[in-house]
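Order of the sequence lines fixes the chain letters, A, B, ..., with proteins taken first and strands second; residue numbering starts at 1 for each chain. Keep in mind that what you see is a predicted model, and the values were worked out from it rather than measured.
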2 protein chains.
Amino acid sequence: MKQSTSGDENRMAGTTQVPAERRRAGRPKGTVLQREKIAAAALELVGAHGYEALTMSAVARELSVSPSALYNHVESKQQLLQWIQELVMARVESDAFHTLDIGAALRAWATSYRNVFAAHSPLIPVIAILPVAGSPNTLLMYEEVAAGMDRAGWPRADIVSSIVALESFIFGSALDATAPLDIFDPGPHSGSLPVFEDALRLQRESGKSSADDAFFIGLEALVNGLISRLSPVGGLGSTHN
Amino acid sequence: MKQSTSGDENRMAGTTQVPAERRRAGRPKGTVLQREKIAAAALELVGAHGYEALTMSAVARELSVSPSALYNHVESKQQLLQWIQELVMARVESDAFHTLDIGAALRAWATSYRNVFAAHSPLIPVIAILPVAGSPNTLLMYEEVAAGMDRAGWPRADIVSSIVALESFIFGSALDATAPLDIFDPGPHSGSLPVFEDALRLQRESGKSSADDAFFIGLEALVNGLISRLSPVGGLGSTHN
DNA sequence: ACCTGAACACCGTTCAAGT
DNA sequence: ACCTGAACACCGTTCAAGT
């Protein structure tokens, strides 16, 4: 996608032939901006046009203010991203740990987590490495998961690593969901990869989304593998608790 | 005192089962040399100062040319990223599939893959969604893995999804390795998360790197889980096939 | 063929001026 | 307190002009 050379201005000017009551400098009578409105506008922007569309100018335009006006409310774009993190993480459901066995609960949580970020995938690389201290919702989620594992007999010393492993898979899967559908197209090298190309064909013919299929296959394998570490006797059935 | 024109990039021509990248005689390697110099300078920049330091200006400065001079050799920054992908992927070792059993081979490949990207972590979100057609090394790797799975009796229709699942975990883990060490620090909310904070303390006291530990635990679980899908007699509730 | 330097349309952010 | 608009130091990219 290239930068447009000159056409965008015209489109904008076309809709505002008569400049409709432009706000003048100075304090408006009511508060125009606030944290939630800014964060929501930013999140909507990402959802609609991807991460690269998330510019301070675009957020400002969405709210009908000038870009610099945002800085009366938010310290930086980085802080705006933290607000978005808090909004997004609030949608991850982690209540299954109180109703289902640990395997089902982990799968339900991970699926919710992954779906939330698949819907806001451009944010993944950003949020995956964002410190968690500023987001109470994220911390609450971790406590739910950790407590669920604890009740299921998980060794406490393994809980953090297990969560990180699951999260790595979740983020990686959500990241994968952002990839173009033809990411595996061999292009000019077609014909020289006998097994892989045949596998690719079979996958396509299955009609299943590669990203979704991979997520569910991997999630089941990962959760089963982690749980079978718990009890050396190894039955997968929830023998614990 | 920069420009290491050492023959370090020769490994790109290592295993040539795919004839696609053969250079013809006739048109000299002047351009090619430039290509590799540019890609190497870019990769070094990322390694030294992170992804945000990878600007066309910085690459040009590294090579003592003006930014616009780069465009005589590379079409866009996106293409430069593809060159980097090719350089990085060449370092992933996937030869274990010829010497080890499938489980050990998958673990060896995944560990190499993850370590390569942990060393160039800022590139993960970029490369994870970069189309693969422009990178012969990447395609070769996929063929190696797919063929290894095939020889081990993997259902061909599951091969792509299995690779994607493993790759998701690998990229997610490498991404996690870029996170700040104190990413889980609860900050002002300390004291309100009994299980998670205790688990965090135990993890810290173990002296193990959280990212490394999570990767190895998760990798073993994921590989075991995937393999146990193969043989229905394995005791997992694999009902299909 | 391949470089320079000016130019363009962007970015995030700061700040004085205005109400 | 909170907005506007100008300004600053950046981006990636194009292009005419030089050799």
Interatomic distance where [atom1] belongs to [X] and [atom2] belongs to [N] [whole Å]:
| X | N | atom1 | atom2 | result |
| --- | --- | --- | --- | --- |
| A:Asn72 | C:dT14 | CG | P | 12 Å |
| B:Leu63 | C:dC3 | CG | P | 10 Å |
| B:Glu75 | D:dG12 | CD | P | 17 Å |
| A:Lys37 | D:dC2 | NZ | P | 13 Å |
| A:Glu52 | D:dC11 | CD | C1' | 15 Å |
| B:Leu45 | D:dC11 | CG | P | 11 Å |

I'd like to know if the side chain of [X] pairs up with that of [Y] as donor and acceptor (distance under 3.5 Å, no hydrogens or angles considered).
| X | Y | answer |
| --- | --- | --- |
| B:Glu197 | A:Tyr142 | no |
| B:Glu86 | B:Thr138 | no |
| B:Glu167 | B:Tyr113 | yes |
| B:Ser57 | B:Thr55 | no |

Quick one: which of [options] gets closest to the side chain of [X]?
| X | options | value |
| --- | --- | --- |
| B:Lys77 | C:dT13, D:dC3, D:dG12 | D:dG12 |
| B:Met56 | D:dG12, C:dT13, D:dC2 | D:dG12 |
| B:Tyr71 | C:dC11, D:dC3, D:dG12 | D:dG12 |
| B:Ala69 | C:dT4, D:dC3, C:dC15 | C:dT4 |

Whichever of B:Leu70 and A:Thr55 has its nearest DNA chain C nucleotide further upstream toward 5':
B:Leu70

Any-strand Watson-Crick or G-U partner of D:dG12, both distances under 3.5 Å
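Its partner is C:dC8.
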
Does C:dA17 pair with anything, Watson-Crick or G-U wobble, both distances under 3.5 Å, and if so, with which nucleotide?
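Because no pair has both required distances under 3.5 Å, C:dA17 counts as unpaired.
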
Looking only at side-chain N and O atoms, does A:His73 come under 4.0 Å of OP1 or OP2 in D:dA1?
no

What contact category does A:Leu54 fall into here, base, sugar-phosphate, or nothing, at under 4.0 angstrom with non-hydrogen atoms?
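Here A:Leu54 touches the backbone only, sparing every base.
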
Under 4.0 Å between any heavy atoms, over every strand shown, what does B:Ser66 touch: base, sugar-phosphate, or nothing? Just pick one.
base

Please confirm whether any donor atom in the side chain of B:Ser68 sits under 3.5 Å from an acceptor in the base of C:dG5, or the reverse.
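Such a pair is found, so the answer is yes.
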
Cation over ring face, B:Lys77 and B:Tyr51, 6.0 Å, 45°
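Relative to the ring axis of B:Tyr51, which defines the angle, B:Lys77 lies inside both limits.
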
